[in-house]
Amino acid sequence: MSGQGFSVYVGNAPFQTSEEEIGNFFSNVGNVTNVRIVYDRETGRPRGFAFVEFADEAGAQKAVQELNGAEFNGRQLRVNLANNK
DNA sequence: TATGAGCGC
């Protein structure tokens with residue numbers, strides 16, 4: 001059925017936010033194993049979204065349920081299951 | 001000193 005992995009897509013994130021802050025925030029719903037902020041290859045600026053990887057898929061799904069729409073540094077986060085390439 | 005939908009080094 002679902003081929004989705006343990007990574008979640010985090011959109012609408014503040015431009016000035018570190019992976020540590022994101023990991024700390026998502027650590028509330030599960031065991032975060034990795035956080036990757038997506039930067040632009042051409043300019044090097046943050047593109048405004050990131051990916052958070054969880055140790056378990058349950059943590060990823062809980063992050064979607066609990067943190068999707070949650071406020072983070074004044075922005076409302078968009079959390080969804082990542083494509084997991 | 002910037003920007004704001006969307007899926008990646």
Side-chain angles (χ1 to χ4, degrees):
Chain A
M1 296 287 290
S2 308
Q4 311 284 19
F6 308 151
S7 298
V8 293
Y9 163 80
V10 182
N12 201 36
F15 288 108
Q16 186 177 21
T17 298
S18 64
E19 298 175 348
E20 183 178 359
E21 293 296 326
I22 295 177
N24 185 24
F25 187 75
F26 280 80
S27 180
N28 292 317
V29 296
N31 294 330
V32 178
T33 57
N34 198 326
V35 180
R36 173 182 287 175
I37 297 179
V38 179
Y39 296 93
D40 193 288
R41 282 298 301 288
E42 305 173 44
T43 63
R45 307 178 183 163
R47 289 178 65 181
F49 50 93
F51 293 93
V52 178
E53 184 175 352
F54 286 87
D56 302 303
E57 187 173 2
Q61 292 181 356
K62 187 173 183 180
V64 175
Q65 296 175 35
E66 298 293 327
L67 299 181
N68 185 26
E71 185 177 284
F72 179 69
N73 286 358
R75 312 287 178 175
Q76 196 174 46
L77 293 182
R78 292 187 179 184
V79 183
N80 275 302
L81 294 179
N83 292 319
N84 187 24
K85 288 184 178 181

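So you know, we letter chains A, B, ... as the sequences are listed, proteins then strands, and number each from 1.
- A straight line from CD of Gln16(A) to P of dT3(B) spans 14 Å, rounded to a whole angstrom.
- In terms of modelled atom types and a separation under 3.5 Å, the side chain of Asp56(A) and the main chain of Ala58(A) share no donor-acceptor contact.
- Across all their heavy atoms, Phe72(A) and Thr17(A) have their closest contact at CE2-CG2, 3.3 Å.
- Within a 6.0 Å sphere centred on CG of Asn73(A), heavy atoms belonging to other residues, nucleotides or ligands number more than 12.
- Stacking annotation: Phe15(A) is not stacked on the base of dG4(B) (requires ring centroids less than 5.5 angstrom apart and an interplanar angle below 30 degrees).
- To the nearest 0.5 Å, atoms CZ (Phe15(A)) and CZ (Phe49(A)) are separated by 10.0 Å.
- Atom CD of Gln76(A) is separated from atom P of dG6(B) by 15 Å (rounded to the nearest Å).
- The interatomic distance linking Arg47(A) (CZ) with dT3(B) (C1') rounds to 13 Å, in whole Å.
- The separation between Arg41(A) atom CZ and dG6(B) atom P is 23 Å, rounded to whole Å.
- Backbone-only engagement by Tyr39(A) is indicated by non-hydrogen atom pairs under 4.0 Å involving sugar-phosphate atoms exclusively.
- A single hydrophobic cluster is seen to contain both Leu67(A) and Ile37(A), as judged by linkage of ILVMFWY side chains at heavy-atom distances under 4.5 Å, directly or through other members.
- Residue ring and base: Phe49(A) does not count as stacked with dC7(B) (centre distance below 5.5 Å and interplanar angle below 30° not both satisfied).
- You'll find that the side chain of Arg75(A) is closest to dG4(B), out of dG4(B), dC7(B), dC9(B).
- Nearest nucleotide to the side chain of Arg45(A), out of dG8(B), dG6(B), dA2(B): dA2(B).
- One atom, CZ of Phe6(A), and another, P of dC7(B), lie 22 Å apart when rounded to the nearest Å.
- In terms of position along DNA chain B, the nucleotide closest to Tyr9(A) lies nearer the 5' end than the nucleotide closest to the other residue of the pair Tyr9(A) and Ile37(A).
- Distance CZ (Arg78(A)) to C1' (dG4(B)): 9 Å, rounded to an integer number of Å.
- Atom C1' of nucleotide dC7(B) and atom CG of Asn12(A) are separated by 15 Å, given to the nearest angstrom.
- Rounded to whole Å, atom P of dG8(B) lies 13 Å from atom CD of Glu42(A).
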